[in-house]
There are 2 protein chains.
Amino acid sequence: MSRTDKITNSTRQRILAEAALLFRRHGYRGTSTRQIAEAVGIKQPSLFHHFPNKQAILEELLAISLDDSLARAQRAASASGPVARRLYDYVLWDLATLHRLPFALSGIYAHDVLQDPALAPWSTKLEALYANLRSLIDQGVRSGEFRPMSPGLGQAMVAGVTLSHIDYAAEHTGGDPDELALAGAAFILGGLLRDPESLDRLVKSHDRPSS
Amino acid sequence: MSRTDKITNSTRQRILAEAALLFRRHGYRGTSTRQIAEAVGIKQPSLFHHFPNKQAILEELLAISLDDSLARAQRAASASGPVARRLYDYVLWDLATLHRLPFALSGIYAHDVLQDPALAPWSTKLEALYANLRSLIDQGVRSGEFRPMSPGLGQAMVAGVTLSHIDYAAEHTGGDPDELALAGAAFILGGLLRDPESLDRLVKSHDRPSS
DNA sequence: GTCTATAGTATGATAGAC
DNA sequence: GTCTATCATACTATAGAC
């Protein structure tokens, strides 16, 4: 995070915003640098004054959306206490953060793009995030808090719900981030918990997520 | 369904299978016709003897995966009886079918591809499928079976879980389709139901899904 | 039904003036 | 920091021989 972009609502930021929107709509590969430039209101070669290449735009968006999530997931997986509580708090924070992003992120976690060897470091980070989720689910299954299930499948489904929120957010602006996050976290925990009454306890005892 | 491909394990079928695999891995746009041809073991122009163009390959895969699901969702949404039962049975059938497909489908529902105007008919079909899911969720919320939630968000999350199964299936072959479908249906219903004890009843009273 | 050769197009990126 | 002009490349698809 050694950058100097305090509140630079500059061309650079507008490129990121428009690119994120287009990447979500048409995918990374389905979006041309000409389209991004047109959306920003400049000509295509001018993009390359702000970013060395198209991939650098994608990588900056990945950094925005992945780094914090991975750190939080790591802490959640290695902390102590009831797993349901830790996973619930993590999901709640993740979704609320996601719904507050200034960028319509997505089309970015799509496996196809991260499969590119040039993006291997990001693929590794996403895999690390997923490994923490698998660990959490495994802990919950072993402790009896969650229904028996393959941690891999559980992780995939949790990630699937998260991705669905990214898409939903992009097409339904104006929703309350916390409300959406609560709905998502309740759905996920409801899907995992063996004794779903404990969900009520989770919801009721939760203070607002700290940024 | 006016085709004549009984058990033609022909070049045509192998093109479909390899294309499906590559589309999932690298996306539709990230997969070149040369890659498909190479995977099949022929040269690139030979593809065009079997399909008029690249898009036709995608469309055939879409037909395989979408037509039946839409029909089933339509019936589920307009039938009578408890919503939870109808949605549970639909999801169970959908996931079990999906896990039995000979093709590693996906990368296909990705919004970015369907956004192409040339694929508008398929985009319409997917939207119709989603509208039926929204209707089911809305019915469930109104009847009190499901927790209060926006039908749009609920539909998105259900679809997200389904997509996660497609991905999971592609990377973990050999799992029991029915078992995976049960886990997915339980997750979804657990996420939706207000009174999750009724989930036990759904699971226990269910006979095996008819093909 | 498959091949070689190639047309036609769109793309990401660079050079250099202003 | 943006522009015009352009290069090099990769792609989908066609033509026509075998």
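Throughout, a chain's letter reflects where its sequence line sits, starting with A, and its residues are numbered from 1.
Residues A/S78 and A/Q74 bring no donor and acceptor atom of their side chains to less than 3.5 Å of each other.
Contacts between residues 35-44 of chain A and DNA chain D, counted as heavy-atom distances below 4.0 Å, involve A/I42, A/K43.
Taking the charged nitrogens against the carboxylate oxygens, B/D138 and B/R142 do have a contact shorter than 4.0 Å, which makes a salt bridge. Ion pairing of A/R29 with B/D112 is absent here, as no side-chain N (NZ or NE/NH1/NH2) approaches a carboxylate O to less than 4.0 Å.
If you measure from atom NE2 of A/H50 to atom C1' of C/dG12, you get 17 Å, rounded to the nearest angstrom. When rounded to the nearest whole Å, the span between CZ of A/F51 and P of C/dG12 equals 15 Å.
Residues A/K54 and A/Y28 meet the side-chain proximity criterion, which asks for heavy atoms closer than 4.5 Å.
Across all strands, A/S46 comes closer than 4.0 Å to base atoms (heavy-atom distances).
Other residues, nucleotides and ligands place more than 12 heavy atoms under 6.0 Å from the CD atom of B/E127. For CD of A/Q55, the number of neighbouring non-hydrogen atoms (other residues, nucleotides, ligands) closer than 6.0 Å is greater than 12.
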Just list the side-chain donor-acceptor pairs under 3.5 Å for residues 180-189 of chain A, sequence neighbours left out, or say none.
none

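The span of DNA chain D lying next to chain A, judged by atoms under 4.0 Å from heavy atoms, is bounded 5' to 3' by D/dG1 to D/dA5.
Checking A/P45 against A/H49, the closest nucleotide of DNA chain D that is more toward the 5' end is the one next to A/H49.
With values rounded to the nearest 0.5 angstrom, B/R85 atom CZ is found 13.0 Å from B/S80 atom OG.
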